[in-house]
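Note that the structure is predicted; figures quoted are calculated from it, not measured. Counting begins at 1 with the first residue of the sequence.
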Amino acid sequence: MAEQPPAGKGPVWHSLAADQVLKELSTSENGLSSQEAAERLKRYGPNALTPAKKPGFFAKLWAQLNNVLIFILLAAAVVVAGLQEWIEFGLILAVITINVLIGMIQEGKAEKAAEAIKAMLSASATVVRDGRRVSVDADQLVPGDVVFIKSGDKVPADLRLLEITNLQVQEAMLTGESVPVSKNLALVPERSGLGDRKCLAYSATTVSSGQGLGVVVATGDNAEIGQINKMVSEVENVKTNLLVQMEILGRWLAIIVVTIALAAFLLALLLAKEPFVDAFESAVAIAGALARDGGQQHKQQPARSGAQPTREASSDHQMTCAVHQTPAGSLWLC
């Protein structure tokens, strides 16, 4: 693997005079020899951004499904399928599918944002090699190369400017400046911000007017655009307060549903003395209703094992109840 110079630990190029910069990089205004450039290319690697690791399709799918509320909806889908309520089964699956699709589309947009940064890089560069100007692929540039830029060019790497003629560079993507920046060769303090380093030209910025000559001081991931690419690629997914609250709500909802279903099962089995299968079916029906519509009024299923459903309603609230007549007494399930 190609060796990369440590970012942030090298010389502060904007505070060094041009002759010091050339000395640090073991080069001159006549550029590198082809042999030296080839050796440095092996040492530092190509002038390209490292692609971010992309999760596979199933990893993305699991990231969208790994949610308590989704698990509750899946459980509800299984229950309503068992009760043969196919319309509600289809609606629940549609909700889950839409949620997953939206999440995956949003992740895809984030990946495209990282890829868009690579499209900003220059494809070629005019470089001084063996004392003469030649055109090379931009990914072949190495620290110490002397590069010529002119109006309309994209800066192919981070450059310490050596000569300029009315040079202006559009740096909005890095500094937010709405107008082109006029470059000069004046040195600035080490802690100066990007917008104040007028003696530097940055990779992927565009030359608006004029021309200049500069020596490459950083390539690939060590250039300023490379640092941005790293941040975009390594950004962590931070959950918003709304998502955190929804997860808490989902966990409590799951606990409440399971608790009520378990209580209904035990009451039907122990108090009403129903057969195990009937008690289990009643508990599953209640759990499905709660998970499916949050306890809202729903269609009453046909009674099983001799149960006779009846309905009661008040003017304030409507409630659907089923009374199971058993030898031990009556059990109301609402």
Nearest heavy-atom pair of Leu159 and Val216: which atoms, and what distance? CD2-CG2, 3.6 Å
Contact check, side chains of Leu167 and Val207, non-hydrogen atoms, under 4.5 Å: yes
Nearest 0.5 Å, please: how far is CG in Asn66 from CZ in Phe71? 4.5 Å
NZ/NE/NH1/NH2 to OD/OE distance under 4.0 Å, Glu171 and Arg197: no
Are the side chain of Asp145 and the backbone N or O of Val142 linked by a donor-acceptor pair below 3.5 Å? yes
Short question: side chain of Asn47, backbone of Pro156 - any donor-acceptor pair under 3.5 Å? yes
Is any side-chain heavy atom of Trp13 closer than 4.5 Å to a side-chain heavy atom of Glu24? yes
Do Thr205 and Ile225 come within less than 4.5 Å of each other through their side chains, counting heavy atoms only? no
Specify the closest pair of heavy atoms between Val128 and Arg133, including all atoms of both residues, with the distance to one decimal. CG2-CG, 4.1 Å
List the atom of Leu185, the atom of Arg160, and the distance in Å for their closest heavy-atom pair. O-NH2, 4.3 Å
Could you tell me whether a side-chain N or O of Gln140 sits under 3.5 Å from a main-chain N or O of Asp137, the two making a donor and an acceptor? no
Test your reading of the model: is there a side-chain donor-acceptor pair from Arg129 to the backbone of Ala37, 3.5 Å cut-off? no
